Protein chains: 2
Amino acid sequence: MRDVARAAGVSPALVSIVFREAAGASPRTREKVFATARSLGYVRDERARGLRSLQRDSIGITFRLDQPFQAAVVAGVYDAVNLAAHPIVTSPTSETRDEEEALSDLIANRCGAVIVLSSRLPADRLARIADDLPVVSIARTVDAPRVDWVASDERGGIRLAVDHLVELGHRDIVYLSDTGSAGGPERLEGFHDAVLAAGIRDSARAVGAGRTEDAGSAATLRLLDAGRLPTAIVGFNDRCALGVIDTLIRRGVRVPDEVSVVGFDDSEVAARSMIRMTSVRQDPIALARAAAERVMLRVGPGGGDLPAAGIVKPTSLTVRSTTAPPRVR
Amino acid sequence: MRDVARAAGVSPALVSIVFREAAGASPRTREKVFATARSLGYVRDERARGLRSLQRDSIGITFRLDQPFQAAVVAGVYDAVNLAAHPIVTSPTSETRDEEEALSDLIANRCGAVIVLSSRLPADRLARIADDLPVVSIARTVDAPRVDWVASDERGGIRLAVDHLVELGHRDIVYLSDTGSAGGPERLEGFHDAVLAAGIRDSARAVGAGRTEDAGSAATLRLLDAGRLPTAIVGFNDRCALGVIDTLIRRGVRVPDEVSVVGFDDSEVAARSMIRMTSVRQDPIALARAAAERVMLRVGPGGGDLPAAGIVKPTSLTVRSTTAPPRVR
DNA sequence: TATACTCGGGCGCGGCCGGTT
DNA sequence: AAACCGGCCGCGCCCGAGTAT
């Protein structure tokens, strides 16, 4: 900043004024300062800025690196946030880097608020963090004071899937559940609701599986080996459903001729590949936008006093080629 | 830190000493300070730390959010870097957030070095950045002074693919190229080399395509409509190859019975789904580790004087179910 | 002399002051 | 009155120089 001031022939204080877009500089000077800064490749020191400006305005995000859906949400958050007012700090998790580490990085950077994606932390842990700074959870409902959340209508989504299958004529339906994941309990409840509403309680059932291709594959193998293959399977998510399809095909079971399969997320792989999977769609951009608005409200003046809000975004069903009427026996 | 000092009954400076693991504190005091810090939920302010400690030791990374391969590399970098000595700052790019923005964030955080993944910036731009701080490029060779790079053996990878196809009996091979992407030119050269070496120059050719499913699909449609379908297609990457397979199947062309397809990256989708794609494998962990070592060398004492290094990591071929001998006509 | 601890200055910036053109 | 200057403080921490056992 000193260098820019010297090069532009003005005082450092004026450069500061220009960069902050504060009053007290002529348009001509503004342009001159910006120009010299550009030619010097100068960028304000974000650390010093954050350190000095007492209000902590940056927004931290934790997300899982290997989850494309979460990547889409993160991209959406960047688009929805006013970056000039709220710099974003990302802190990814992975197989070997857990959420606590990721959060601790955000706290070390003194973020003014954090957005957690599909957090698997217990509600009371999130609540403890929310004592210090606003927490907005995406794709995970949190029943805690002061923790906001934005999630898809998981219940309704599974219901769309079941209704679609019932309409096609299916009654023998299996839902592959994963209650350990964010949204898992809601999806399971949604399945039970839908099954009751459709009056197929005796022929439909849920079994535990998981959120990966391997989990879907293993669950399918168990169904095959037990000789209890249904006419339709609803996967916990697209990855799980992919494992189902893969395994069925390998065992010579045709999809959708013999077994229909529905996924959840409507991720790119469901849409693009030769899979053409019928899937429950949740809108990452809508989730991101809602969370961004909420978090900007929180870091704004008086935002700390707002009661915790839960925002539900609708889901829809994308019908493709892995669902069809059951074979008549 | 003041609060911790007060609570522990010591001076702030001593707390600093303890947290830095520097000499000058008794084991008893150390434990007491850590204990009170833990009970207060205190984490050092990363911004102030970086501001004061003149040596800029943090490592910035830019990567593309919607590229799973890059996500794997980022996870690998976290594992390979000594995080206590070198905090990592991530700065993702997306459809709407370009590399320059991402880099500017890293510069604003005064990173001591940056790792760029599959950068599409021109070499002279990277060189200009490298005037100010060490730059290590992953999955993109850079011919510039002071810019290190770590990349897979793209040439050799394509050659593995072509040799595999030739061994199966293919002569009529098309390579779908994308010279606009990192590694693109090398892969194209590798294709030409391999074709020459195999003596199939008259029947093999490269055509422009792209790096997405749509690009692969469009190129395939052009081949189909021109009536010039080869017996084997090598995609620029897995996503491109996926588009190829998808389009072939929809047009009633069986894979691999009528046309063999090879991808590049050996990403999760190639391995897991019902695709079972033969693909050239590059090792994200090896790339990450090499880059991490290089960057830690650079930020270390005397690291600035090292000449630029290019490190090539070997590729391999993962043979699955999308390649087979050509149909005898 | 060594070990344990304290003190004070300053990193780059923001924000406020009185003063000058 | 608007545009600008110079200076000072302090955000939270690091660190060299100092003090006390």
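Naming convention: chains lettered A, B, ... in sequence-line order (proteins, then strands); numbering from 1 in each chain. These figures come from a predicted structure and were not determined experimentally. Every heavy atom of this structure was used, including side-chain atoms; hydrogens, water molecules and symmetry mates were not.
For the salt bridge (Lys or Arg N to Asp or Glu O under 4.0 Å) condition, the pairs that include at least one residue of residues 65-87 of chain B, sequence neighbours left out, are B:Arg64-B:Asp66. Applying the ring pair (Phe, Tyr, Trp, His ring centres under 6.0 Å) test to residues at least two apart or on different chains, none of the pairs has a partner in residues 68-124 of chain B. Note on residues 288-297 of chain A: pairs passing side chain to side chain donor-acceptor pair (under 3.5 Å), not counting sequence neighbours, are A:Asp148-A:Arg294. Every pair passing salt bridge (Lys or Arg N to Asp or Glu O under 4.0 Å) that includes a residue from residues 23-38 of chain B is listed here, sequence neighbours excluded: B:Glu31-B:Arg38.
Remark: A:Ser119 pairs with A:Glu99 by the side-chain hydrogen bond (donor to acceptor under 3.5 Å, both in side chains) rule, at least two apart or across chains. Take B:Asn109 and apply the side-chain hydrogen bond (donor to acceptor under 3.5 Å, both in side chains) test, not counting sequence neighbours, and it matches no residue. In terms of the side-chain hydrogen bond (donor to acceptor under 3.5 Å, both in side chains) criterion, residue partners of B:Asp265 (sequence neighbours excluded) are, by chain and number, B:Gln282. Residues meeting the side-chain hydrogen bond (donor to acceptor under 3.5 Å, both in side chains) test with A:Ser91, sequence neighbours left out: A:Arg97.
Within the 4.0 angstrom heavy-atom criterion, no nucleotide atom of any strand lies near B:Gly9.
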Hey, what are the protein-to-nucleotides 17-21 of chain D N/O distances that come in under 3.5 Å?
none

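Residue side chain A:Arg52 does not reach the base of C:dC13 through any donor-acceptor N/O pair under 3.5 Å, judged by distance alone.
Only B:Ala13, B:Ser16, B:Arg20, listed by number, bring a heavy atom of residues 10-37 of chain B to less than 4.0 angstrom from any atom of DNA chain D. Interface residues of residues 100-111 of chain A facing DNA chain D, ordered by number: A:Arg110; criterion, heavy-atom separation under 4.0 Å.
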Show which side-chain atoms of residues 7-24 of chain A pair as donor or acceptor with protein atoms under 3.5 Å away, not counting sequence neighbours.
residue, atom, partner, partner atom, Å
A:Ser11, OG, A:Leu14, N, 3.3
A:Ser16, OG, A:Arg20, NE, 3.0
A:Ser16, OG, A:Arg20, NH2, 3.0
A:Arg20, NE, A:Ser16, O, 3.3

